[in-house]
Number of protein chains: 2
Amino acid sequence: MARKPGKKDLTERQGHLLKVLVERYIEDGQPVGSRRLSEESGLKLSPATIRNVMADLEKLGYLHSPHTSAGRMPTGQAYRMFVDTLVKFNPPEPEEIDSLRRKLEEGAEGSGGKALVRSASSLLSGITHLAGVVTVPRRNHSNLRQIEFLPLSGNRVLSILVVNNREVQNRVLTLDRAYTESELRSAANYLNEQFAGRDIAQVREQLLDDLQRARDSMHNMMSSALTLGRQLFDRKEQQEDFVLAGETNLMDFAELSDVEKLRRLFEAFAEKRDFLHLLDHTLSGEGVQIFIGEESGYDLLDACSVVTSPYTIDDEVVGMLGVIGPTRMAYQRVIPIVDITAKLLGRALNSRS
Amino acid sequence: MARKPGKKDLTERQGHLLKVLVERYIEDGQPVGSRRLSEESGLKLSPATIRNVMADLEKLGYLHSPHTSAGRMPTGQAYRMFVDTLVKFNPPEPEEIDSLRRKLEEGAEGSGGKALVRSASSLLSGITHLAGVVTVPRRNHSNLRQIEFLPLSGNRVLSILVVNNREVQNRVLTLDRAYTESELRSAANYLNEQFAGRDIAQVREQLLDDLQRARDSMHNMMSSALTLGRQLFDRKEQQEDFVLAGETNLMDFAELSDVEKLRRLFEAFAEKRDFLHLLDHTLSGEGVQIFIGEESGYDLLDACSVVTSPYTIDDEVVGMLGVIGPTRMAYQRVIPIVDITAKLLGRALNSRS
DNA sequence: CTTGGCACTCCACTCCAGCGAGTGCTAATA
DNA sequence: TATTAGCACTCGCTGGAGTGGAGTGCCAAG
């Protein structure tokens, strides 16, 4: 991929100084000046020299200053360079991993998968002091286990679907006429015989097929079964969802102290819609992905970075998890945490299914 | 109930002026001065006279000023007096009610009761520009309709409960040994025969009884049924929950513009725990209840008021709903809205069950 | 009891000076 | 040629002084 004009590789010295500057800025959020950098860079260079280097880095698009007489702050490009090539990650200690695993499972005593998702989300937000987000797992291939119908008042029927051996979905269907209990029972029996153990997508397809092919030549019982089944499976995909935790952590950051900005951000969280879109993109990728500032494409997140990783059940990617924080988050700490949490969550979900 | 010292009834003039002052303060949040009040009170009184009255009201605890040369603001006591005796509510127009009803049901196309709750919550927040809150309905008497067990891997069993003809609860039970599919089927049959149509609380009691009485003299099948049943019903009450909407509206109010306060408030919302406690209290009451400032007993809500009303299904109180906003909210508008929304929600839930 | 008058208080705003931090540039140096 | 010291300059921040306005409390007259 062609870089933008003027983005030649940095010299080793430039790289080192950029790294130190980013680290310092991440620590306290204050613009870093030449004097400070010269003292803490480890290189024996005077502030004047540092200033020359900084001026170069600014020309290259890595730094900018809020005003003439302040120090310099990293741009998005600098963070990008930082995470891509400059920073080195300490792989977490085994005992640290173990402690994470325990916390993850402690927080999810309710044995549902949803409890684990919530636990993962608050675990992420708790240890990073950022906002944690985890999408609810969603398998492409859902195995239908059992169907049950119960009549309600009017023309309505409560349908219960057991899927993937552990999830239960239920919906109220409103039908064109009232069905008797025995009709419903035989319909359920028929559908179970035909479709139990099959993939939901397949089931949907075949139902449409059957209904098409045999419109009215059918046995009465089968016909009602098909009618019911069609309604049941015709629903739009159950919408995806995610669990957010520790949003309030974001209030601490000066970058977001403007109440108006905060408000819009929190509204977006509540809406979920826009945000899901962003998370969806990351499902196709592999490993930890990082969106710095504007890279996310949402102007609400201009001052934020998003670090995500997909997680898997049975080697199938079923969701993603991550954190949201200010661009000046502690990447070297956050990235390994997101990575390991994704793996732990996948493993925990596996062991429960 | 004895009033606090010095709280004699107000004269008509004092009452009127207090009312106007509160109204003005609610409108723009600025302390109200004697000049303004004299112009807009409708009484032909000079600012000097108004000042005398205001000084009296201050002595009585209804007013206070932030500093010498500012106007005066109502105290909690003044709001209390305002809502109790001063304000008169315009009963909402029939067409207004109808529009509310339509909005409530539009927002709840997913036919579950939860969808209605969510819709009510965002309806409340939408039209009041405050935070809306609705607890999920919870009946004291839950009618058990059907039980089903499905074996999972290991010693675990997925149990499905249909309750009140429309709600489905499911839990994963972890048992002392593996049960075969036929064992589970007969257990379910047994429990259904015995308990279908009965109240859950009764079921729980009787299960314990049976288990106690007939420990090991029992038929094998019944014994496993009882074991399963006991685990199933032994769980603590499913925790109550509420749905919050439009929290971000609260960010607009100057009273809460302090980010630190906001943060603690939002954290409390996310925790839910403390907050549920407050809502629980209101379940016993009747009609609209109002907590002004410190009356709620939560110091986080010192600058807030909470207006709530219980709602009913089949004349049984099953939950409450309301709004949270700054103490200077437009009570005369908000109170009727909360009242009518509670009635509409109850009605809507009824028609779907 | 009401009112006009008056002195007083306090906040909010503006203006200004002084400071400290940091820069860019230039000229000297290794 | 790369580095450094020196220096003038810029800019934001802080604190104090000054001003205007809003509102009060009190008093004495109607």
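Each chain gets a letter, A, B and so on, in the order the sequences are listed, and its residues count up from 1.
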Would you list the protein and nucleotides 6-9 of chain D atom pairs, both N or O, that sit under 3.5 Å from each other?
unit_1 : atom_1 : unit_2  : atom_2 : d
D:dG6  : O6     : A:Arg51 : NH2    : 3.3

Check: protein-nucleotides 8-13 of chain C nitrogen or oxygen pairs below 3.5 Å:
unit_1 : atom_1 : unit_2  : atom_2 : d
C:dC10 : O2     : B:Ser69 : OG     : 2.8

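Remark: A:Lys19 pairs with A:Glu23 by the side chain to side chain donor-acceptor pair (under 3.5 Å) rule, at least two apart or across chains. Legend: residues meeting side chain to side chain donor-acceptor pair (under 3.5 Å) with B:Glu247, ordered by chain and number and at least two apart, are absent. The side chain to side chain contact (heavy atoms under 4.5 Å, CB included) search around A:Arg51 returns A:Ser34, A:Pro47, A:Ala48, not counting sequence neighbours.
Between A:Arg36 and C:dT23 there is no side-chain N or O to OP1 or OP2 distance below 4.0 Å. Checking the phosphate oxygens (OP1, OP2) of D:dG21, no side-chain nitrogen or oxygen of B:Arg35 falls inside 4.0 Å.
The CG-P distance, from A:Asn52 to C:dA27, rounds to 15 Å in whole Å. Across the protein-nucleic acid pair, A:Glu58 atom CD and C:dT23 atom C1' stand 10 Å apart, rounded to whole Å. As rounded to whole Å, 16 Å separates atom P of C:dT2 from atom CE of B:Met54. The nearest whole Å value for the distance from the CD1 atom in A:Ile50 to the C1' atom in C:dA21 is 17 Å. Remark: C1' of C:dG22 and CG of A:Leu37 are 13 Å apart, rounded to the nearest angstrom. The interatomic distance linking B:His64 (NE2) with D:dG23 (C1') rounds to 15 Å, in whole Å. Rounded to an integer number of Å, the gap from CD of B:Glu39 to C1' of D:dG23 is 13 Å. Rounded to whole Å, the distance from NZ on A:Lys59 to P on C:dT23 is 14 Å.
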Yes or no on ring pair (Phe, Tyr, Trp, His ring centres under 6.0 Å) for A:Phe266 and B:Phe266, after CA distance, side-chain angles and deciding distance? CA-CA 11 Å; A:Phe266 274 63; B:Phe266 274 63; 5.6 Å; yes

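Atoms CD and CZ, from A:Glu39 and A:Arg35 in turn, are 5.0 Å apart once rounded to the nearest 0.5 Å. Rounding to the nearest 0.5 Å gives a distance of 10.5 Å between CD1 of A:Ile290 and CZ of A:Phe82. One distance of note links CG of B:Leu63 with CD of B:Gln77; it measures 9.5 Å at 0.5 Å rounding. Of the inter-residue distances, the one linking A:Asp274 atom CG with A:Leu278 atom CG reads 10.0 Å to the nearest 0.5 angstrom.
Between B:Phe269 and B:Phe275, the ring planes lie perpendicular to each other; the angle is over 60°, past the 30° to 60° tilted range.
Between B:Glu27 and B:Arg24 there is a salt bridge, since a side-chain N of the basic residue sits under 4.0 Å from a carboxylate O of the acidic one. Ion pair B:Arg36/B:Asp28 flagged as a salt bridge, since at least one NZ, NE, NH1 or NH2 atom sits closer than 4.0 Å to an Asp/Glu carboxylate oxygen.
Contacts of residues 21-34 of chain A with DNA chain C (heavy atom under 4.0 Å): A:Gly33, A:Ser34.
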